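Each residue takes its place number in the sequence, starting with 1. Since the structure is predicted, the reported quantities are computational estimates derived from the model, not experimental observations.
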Amino acid sequence: MTFKEFMDDFDTSRDDENLIASVHLKSFDEGDTVIIEDQLTNLIYNPSVDTTSMTFASYQRLDAMAVEGDITDEFSVGDTVVITSEIVNYSYTYQWEGRHYTVYYEWFADGWDTDKETEVPLPREVLKHADQ
């Protein structure tokens with residue numbers, strides 16, 4: 001699947017009465033492996049946080065995906081890459097409009113900081129050239 005197909009697979013809901021929010025993948029369950037193949041259209045290394053932000057042909061948002069470290073010596077704009085990761089379901093508390101919601105969130109297993117309850121850059125190891 002492309003990165004856009006992955007992002008489009010998310011379904012979100014919010015139950016204001018029970019203070020529950022859900023951001024889950026329709027096609028994947030916890031423990032499933034997702035394989036994304038897409039062409040890189042932009043790579044920006046930020047040395048202050050030691051991450052490389054990527055955009056894809058199918059999904060042009062500048063903050064589409066971040067990977068740990070500087071990968072600009074190994075990957076270039078125009079390369080087709082494969083991201084492989086397991087899906088994990090996280091839950092955390094989020095304050096919205098003064099109310100505390102329990103949020104159920106599915107994301108990449110290696111792309112979540114449970115202590116800070118936020119997405120983090122994926123490790124470099126999940127990214128490969130498509131021809132490898």
Could you label the plane-to-plane angle of the Tyr90 and Trp112 rings as parallel, tilted or perpendicular, counting under 30° as parallel and over 60° as perpendicular?
parallel

Thr55 and side chain to side chain contact (heavy atoms under 4.5 Å, CB included): which single residue from Ile44, Thr41, Val77 fits?
Thr41

Using a 6.0 Å cut-off, check whether atom NZ of Lys26 has over 12 heavy atoms from anything other than its own residue.
yes

Is Ile87 reachable from Tyr92 through a run of hydrophobic residues whose side-chain heavy atoms are each under 4.5 Å from the next?
yes

Looking at every heavy atom in both Glu125 and Lys128, which two are closest together, and how far apart are they?
O-NZ, 3.3 Å

Describe, in one word, how the ring planes of Phe108 and Phe6 are oriented to each other, choosing from parallel (under 30°), tilted (30 to 60°) and perpendicular (over 60°).
parallel

Val103 with Met7, same ILVMFWY side-chain cluster at under 4.5 Å:
yes

Cluster question for you: counting only ILVMFWY and a side-chain heavy-atom cut-off of under 4.5 Å, with indirect links fine, are Trp96 and Leu19 together?
yes

Could you report the tightest heavy-atom contact between Ser85 and Ala109, atom names first, then the distance?
OG-N, 3.7 Å

Heavy-atom distance under 4.5 Å between the side chains of Tyr45 and Asp50, does that happen here?
yes

Looking at Ala130 and Glu37, what are the two nearest heavy atoms and their distance?
CB-OE2, 3.9 Å

Tyr94 with Val88, same ILVMFWY side-chain cluster at under 4.5 Å:
yes

Nearest non-hydrogen partners of Val67 and Ile71, listed with the distance
CG1-CG2, 4.2 Å

Quiz question: by atom type and distance under 3.5 Å, do the side chains of Tyr101 and Asp16 form a donor-acceptor pair?
yes

Treating Asp38 as the side-chain partner and Phe56 as the backbone partner, does any N or O pair qualify as donor plus acceptor under 3.5 Å?
no

When rounded to the nearest 0.5 Å, the distance separating OG1 of Thr52 from CG of Leu40 is 10.5 Å

Please report the interatomic distance CZ(Phe3) to CG(Asp8), rounded to the nearest 0.5 Å.
10.5 Å

Nearest 0.5 angstrom please: Arg61 CZ to Ser53 OG, how far?
11.5 Å

As an exercise, state the distance from CG of Leu43 to CG of Asp79, rounded to the nearest 0.5 Å.
8.0 Å

Validation row: Val126, Thr84 side chains within 4.5 angstrom (heavy atoms)
no

Roughly how far, to the nearest 0.5 Å, is CE of Met54 from CG of Asn42?
11.0 Å

List the steps and the verdict of side chain to side chain contact (heavy atoms under 4.5 Å, CB included) for Phe10 and Leu25.
CA-CA 4 Å; Phe10 279 98; Leu25 293 158; 3.6 Å; yes

Flag the pair Lys4 / Gln60 as yes when at least one side-chain heavy-atom distance between them is below 4.5 Å, and no otherwise.
no

Check for me, please, whether Tyr59 and Met1 land in the same ILVMFWY cluster - side-chain distances under 4.5 Å, paths through other members count.
yes

I'd like to know if the side chain of Glu117 reaches the main chain of Asp113, judged simply by a donor and an acceptor atom lying under 3.5 Å from each other, with no hydrogens or angles considered.
no

Rounding to 0.5 Å, atoms CD (Glu106) and CZ (Phe28) come to a distance of 10.0 Å

Give a yes or no answer on whether the side chain of Thr2 reaches the backbone of Glu5 with a donor-acceptor pair at less than 3.5 Å.
yes

With a 3.5 Å distance limit and no angle check, can you tell me whether Thr93 reaches the backbone of His100 through a side-chain donor-acceptor pair?
no

